[in-house]
**Q** 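Quick one: this structure, given as structure tokens, is what I'll be asking you about.
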Number of protein chains: 2
Amino acid sequence: MNNELEAYISTYFGVVRPKEIKAISDLFQLTSIKKGAYFLKAGKKSERLSFVQSGLLRVFVQTADKEVTQWITTKGQFATDLSSLVFDSPARWDIQALVDTEMYSISKADYEKIGSLIPEWHLLEKLFIVRCFTMMEDRIFSHLSMSAEERYQVFFENNAALFNEVPLQYIASMLGMTPETFSRIRKKIAN
Amino acid sequence: MNNELEAYISTYFGVVRPKEIKAISDLFQLTSIKKGAYFLKAGKKSERLSFVQSGLLRVFVQTADKEVTQWITTKGQFATDLSSLVFDSPARWDIQALVDTEMYSISKADYEKIGSLIPEWHLLEKLFIVRCFTMMEDRIFSHLSMSAEERYQVFFENNAALFNEVPLQYIASMLGMTPETFSRIRKKIAN
DNA sequence: TTGATTTCTTGATAAATGTCAAGCGTCAAA
DNA sequence: TTTGACGCTTGACATTTATCAAGAAATCAA
């Protein structure tokens, strides 16, 4: 399996022994998904966990009156509906490829095998999820304390490249504003 | 140790064997904290994980221009700065008792012992944190898709009792609005 | 390349929310 | 009982953000 995947496993989960990294990475398959195709449909069970190798996925949900983009998954990030994967509940998000996308993907069954391969796996996994939880705390804080313009600024500083790669309306939605507001903020900042 | 704590351990973590529940609960101490006292100070390391048995804690942060309430912890909920507890990083939140509060509290050192007492502990812990993560997803979604009034309604439906127990300004803050907006929403709904 | 489609921008206006200041009620300490 | 602190409400007004509609720009497919 691939060096880049092994780097993810090492970086995100802190697995250090090469044999173990190899054992985990062998459970992943490199899979491709075409632009517009769905990695996950809301209502279905999430059967796979994936790490994006190249390309982009959009996590969103269709509400009665609008579509809400919850996140855009970029290279190196994981994609799944975590609660659906873990609890076998119906997925709450649609996940769709914004461009042709390659990812390292593992089935739920194989994912659950990792625990028996690596003694401290559930601990490492816990640490990974705590990091995710902490990012969510930060994101909530941004909505409690910042204006739309401030949220734009912070996100742009950390994700500038994304602004050339996806329809801006999706970034607007995931920052909690309309495309028009987003556009006006950009205009204001440009001057 | 106490039946109520054992119920939390059973409910939140899914520990089933009575001996194990007992072993875990014995590591907790019932501790009291007076109204206004701090359970955690931002910048310090979070050394304890606690479950509120009675009373209320407010999780907040002081920014340059205002104080932001991130959460109010009620009976049965856990209190800590999770990332600080897990990674030994400085706490990002202040946690202060809103009223005299009793909680079952465990030190980080004892907490980390649980893994050696119960084989599947890290798995159970993971499931617990995934549930927390999912709640954060929902909360972010509420900020991406709902107005202040809708957030008020949803929160009120699920936490009506809290409205008689804490200064409403704190609820306003944790829902991402000013006390004045909060007050006007209440007036509107009353009519 | 061209036409169709989608996305982005802009203006006008409306609605939601924030800010500031004042006043009122409640509660507890003096 | 009074006084002061605190929290809530209200009004006037400002600012932010959303909505709607139109057109410009970019992208995609034939």
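Per chain, numbering begins at 1; letters A, B, ... match sequence-line order. In this text the structure is predicted, and so the values were computed from the model without any measurement.
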**Q** Would you say the side-chain atoms of A/Arg58 pair up with the backbone N or O of A/Gln96, donor to acceptor, closer than 3.5 Å?
**A**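 Pair absent, no side-chain N/O of A/Arg58 close to backbone of A/Gln96.
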**Q** Quick check against the 3.5 Å criterion: does A/Arg48 have a side-chain atom that pairs as donor or acceptor with the backbone of A/Leu85?
**A**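 Answer holds: no.
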**Q** Closest approach to the side chain of B/Lys187, judged atom by atom: which nucleotide of D/dT10, D/dC28, C/dT17 is it?
**A**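 Among D/dT10, D/dC28, C/dT17, the one nearest the side chain of B/Lys187 is D/dT10.
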**Q** Establish whether the base of C/dC20 is bridged to the side chain of B/Glu180 by a donor-acceptor pair shorter than 3.5 Å.
**A**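 When only heavy-atom distances are counted, B/Glu180 does reach the base of C/dC20 through a donor-acceptor pair under 3.5 Å.
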**Q** Roughly, in whole Å, what's the span from NZ in A/Lys188 to P in D/dT17?
**A**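 For the pair A/Lys188 NZ and D/dT17 P, the rounded distance is 9 Å.
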**Q** Of A/Val166, A/Ile33, A/Leu56, which is the lone residue that meets side chain to side chain contact (heavy atoms under 4.5 Å, CB included) with A/Val99?
**A**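 So the option named by the test is A/Leu56.
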**Q** If I take atom CD1 in residue B/Ile185 and atom P in nucleotide C/dA16, what distance separates them, rounded to the nearest angstrom?
**A**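 Rounded to whole Å, this separation is 10 Å.
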**Q** Rounded to the nearest Å, what distance is computed from the CZ atom of residue A/Arg184 to the P atom of nucleotide D/dA18?
**A**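 Going from CZ in A/Arg184 over to P in D/dA18 covers 10 Å.
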**Q** Please evaluate residues B/Tyr152 and B/Arg186 with respect to the criterion side-chain hydrogen bond (donor to acceptor under 3.5 Å, both in side chains), reporting the C-alpha separation (whole Å), side-chain torsions for both, the decisive distance (0.1 Å), and the verdict.
**A** CA-CA 9 Å; B/Tyr152 176 96; B/Arg186 284 167 69 74; 3.0 Å; yes
**Q** Between D/dG7 atom C1' and B/Arg186 atom CZ, what is the distance in whole Å?
**A**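 Computing the B/Arg186:CZ to D/dG7:C1' distance gives 12 Å.
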**Q** By salt bridge (Lys or Arg N to Asp or Glu O under 4.0 Å), which residues pair with A/Glu180, not counting sequence neighbours?
**A**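 Partners of A/Glu180 by the salt bridge (Lys or Arg N to Asp or Glu O under 4.0 Å) criterion come out as none, since no residue qualifies.
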**Q** Under 4.0 angstrom, heavy atoms only, what part of the nucleic acid is A/Lys35 near: base, sugar-phosphate, or nothing?
**A**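 Sugar-phosphate only.
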**Q** So is A/Lys41 actually on top of A/Tyr38's ring, under 6.0 Å and inside 45° of the axis?
**A**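 Positive - A/Lys41 is close enough to the ring of A/Tyr38 and near enough to its axis.
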**Q** Between A/Thr181 and D/dA18, is there a contact of a side-chain N or O with OP1 or OP2 at under 4.0 Å?
**A**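 True: A/Thr181 side-chain N/O within range (under 4.0 Å) of D/dA18 OP1/OP2.
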**Q** Is there a residue in residues 166-174 of chain B whose heavy atoms reach under 4.0 Å of DNA chain D, and which residues are they?
**A**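 Residues of residues 166-174 of chain B that come under 4.0 Å of DNA chain D are, in numerical order, B/Pro167, B/Leu168, B/Gln169.
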**Q** Output the rounded distance in Å from CG (B/Asp65) to P (C/dT19).
**A**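 That distance rounds to 8 Å.
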**Q** Round to the nearest Å and state the distance from A/His143 atom NE2 to D/dT16 atom C1'.
**A**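 Going from NE2 in A/His143 over to C1' in D/dT16 covers 16 Å.
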**Q** Do the side chains of A/Glu125 and B/Lys126 get close enough for a salt bridge, i.e. N-O under 4.0 angstrom?
**A**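 Yes, this pair counts.
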**Q** Taking five pairs at each end of the helix from C/dT1-D/dA30 to C/dA30-D/dT1, what angle separates the two helix axes (nearest 10°)?
**A**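 About 40°, once rounded to a multiple of 10°.
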**Q** Report the distance from atom NZ of B/Lys66 to atom P of C/dT19, rounded to the nearest whole Å.
**A**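 B/Lys66 atom NZ is separated from C/dT19 atom P by 6 Å.
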**Q** Could you give the CE-to-P distance, from A/Met177 to C/dC8, as a whole number of Å?
**A**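 Value for this atom pair: 14 Å.
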**Q** Test your reading of the model: is there a side-chain donor-acceptor pair from A/Asp94 to the backbone of A/Ala42, 3.5 Å cut-off?
**A**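 Side chain of A/Asp94 to backbone of A/Ala42: a pair is present.
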**Q** Quick one: do B/Ser145 and A/Thr63 satisfy side-chain hydrogen bond (donor to acceptor under 3.5 Å, both in side chains)? Show the steps, please.
**A** CA-CA 9 Å; B/Ser145 67; A/Thr63 70; over 6 Å; no
